[in-house]
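First the structure, in the form of structure tokens, and then the observations on it.
Each chain gets a letter, A, B and so on, in the order its sequence line appears, and its residues count up from 1.
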Amino acid sequence: MLFATYIGIGALAHDTHFSLAWALASTALVWAGPAQIILISTLGSGATVLQSAIAVTVSAIRLFPMVVSVLPMMRSPQTKRRHLVLVAHLTAVTLWVECFRFLPQVPQQRRIAFIHGLGGGLISVSLIATTIGYGLAANLSQLFGAAILMLTPLAFLFSTARNCREISDGVALVLGLVLFPLAAMLNSGVDILVSGVTAGTIAYGVHWWRARP
Amino acid sequence: MSGFIGDWHALVILMIAGVFPNQIWRMLGLWLGSGIDEGSELLVWVRAVATAVLAGVIAQILVQPPGALASVPGWLRYTALAAGCAAFFMTRRSIFVGVICGEAVMLAGKWWLG
């Protein structure tokens, strides 16, 4: 699915006239599918650098809680902060999901090395996929171009849905989808943030309500 | 080689608009996350917000579609999504089947529309 997403990103970068090196640099350095899609589509549609930066940073806020939730799994009393910089960079939705799946089976001391390996592998695969998508886009009809772009929301939706562990995660996912079109009507420029914080907070409320003694 | 690298100006914009606004949250998480316990209530909340923001990005691609996807009418995008969801749940959460089914419905609908 990661592969499919990055094929989509490569194709999108081609269609908006960015160079292949640009697309590869964005995969390696940004390393967050939604942020890359937002960056490419806003810049491609003529937004200013500042507007794009705001849109990207709003989408990237979700990385903050991801890093916060992943790092305690790696940390031991001997761990220095600089040991975790690369782990923080590698943290993105795919890796975050895999962390919850794999890390409980990995001994505490080996987790940083495990994540470096896993993250490095994922980035390599994504760079290849970006290149393939970029190449394909040059030859695709509009029909298949649309199909490739559709891969992204489907893949993100189902991989998130599969990894909902608690009721709050499921509620957040469904409400987040439903509230975005409403928030978009406000046209505030930070629509995703508005719908995300609202839906997430309601979902937390549901969790709190059910956990009550 | 200039075709591969393109123009340097675009790469600078990538840094300013893409890399920095994105990385700042990771580094803040690294910096401020030290004291937070894995199972804390705050984390349940931040995870719920993270999930909802991602859901918002998914909805945005469907509601305000980029590039070639905009050539597919709205009702067909949502039908494809619904079909993918149905397949996903019927196959006990198979991501692969869900994606294939959603794509198949969209392609079939687009082909039928001509």
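In plain terms, the two heavy atoms of B:A48 and A:A172 that are nearest each other are O-CB, 3.3 Å. A pairwise comparison of heavy atoms in B:L11 and A:A25 identifies CD2-CB, 4.4 Å as the closest pair. Shown here for A:M150 and B:L62, the closest heavy-atom pair between the two residues is CE-CD2, 3.8 Å.
Heavy-atom pairs under 4.5 Å with chain A peak, among B:A10, B:G102, B:A70, at B:A10. Per-residue heavy-atom pair counts under 4.5 Å with chain B were compared for A:T160, A:I202, A:V87, A:T201, and the maximum is reached by A:T201. The greatest number of non-hydrogen atom pairs below 4.5 Å with chain B, out of A:L12, A:V85, A:L50, is found for A:V85. Contact count versus chain B (heavy atoms, under 4.5 Å) is highest, among A:A203, A:A147, A:A199, for A:A147. Most heavy-atom pairs under 4.5 Å with chain A, from the set B:P65, B:C85, B:S94: that is B:C85. The residue among B:R92, B:M27, B:R26, B:R77 with the most heavy atom pairs within less than 4.5 Å of chain A is B:R26. Top candidate by heavy-atom pairs under 4.5 Å with chain B, chosen from A:S26, A:A11, A:G145, A:A88, is A:A88. Considering only heavy-atom pairs separated by less than 4.5 Å from chain B, the leading option among A:P181, A:A155, A:P153 is A:P153. With respect to chain A, the highest number of heavy-atom pairs below 4.5 Å among B:Q23, B:Q60, B:M15 belongs to B:Q60. For the options B:I24, B:V63, B:I13, heavy-atom pairs under 4.5 Å to chain A are most numerous at B:I13. By number of non-hydrogen pairs under 4.5 angstrom with chain B, the leading residue of A:A211, A:A4, A:G205, A:A146 is A:A146. Residue with the most contacts toward chain A among B:V99, B:T51, B:L81: B:V99 (heavy-atom pairs, distance under 4.5 Å).
In this structure, B:R93 contributes its side chain and A:A161 its backbone to a donor-acceptor pair below 3.5 Å. Formation of a donor-acceptor pair under 3.5 Å by the A:Q36 side chain with backbone atoms of B:G18 is not found in this model. The closest donor-acceptor contact from the side chain of B:E103 to the backbone of A:L151 lies under 3.5 Å.
Under the side-chain contact (heavy atoms from CB on, under 4.5 Å) rule, A:L157 has a single partner from B:I95, B:I61, B:I58, which is B:I58.
Two residues are said to be in side-chain contact when any heavy atoms from C-beta on lie closer than 4.5 Å; A:L39 and B:L14 meet this criterion. A 4.5 Å side-chain heavy-atom check between B:V72 and A:L149 finds every atom pair outside the cut-off.
Taking the six-membered ring where the residue is Trp, B:F88 and A:F158 present parallel rings, their angle staying beneath 30° rather than reaching 60°.
Rounded to the nearest 0.5 angstrom, B:L107 CG and A:F144 CZ are separated by 6.0 Å. The CG atom of B:L30 sits 6.0 Å away from atom CG of A:L84, with the distance rounded to the nearest 0.5 Å. Atom OG of B:S71 and atom CG of A:L143 lie 8.0 Å apart (nearest 0.5 Å).
Neither the backbone nor the side chain of A:T198 has a heavy atom closer than 4.5 Å to any heavy atom of chain B. At a 4.5 Å heavy-atom cutoff, the contact between B:V19 and chain A is made by backbone and side-chain atoms alike. Contacts between A:H17 and chain B at a heavy-atom distance below 4.5 Å are absent for every atom of the residue. If you measure heavy-atom distances from A:A28 to chain B, you find no contacts under 4.5 Å at all. Interface remark: A:S159 contributes backbone and side-chain atoms alike to the contact with chain B (heavy atom separation under 4.5 Å).
More than 12 heavy atoms of other residues, nucleotides or ligands lie within 6.0 Å of CZ in A:F3, so this atom counts as buried by the packing criterion. Atom CH2 of B:W75 has more than 12 heavy atoms from other residues, nucleotides or ligands within 6.0 Å. Counting non-hydrogen atoms of neighbouring residues, nucleotides and ligands closer than 6.0 angstrom, the CZ atom of B:F96 reaches no more than 12 such neighbours.
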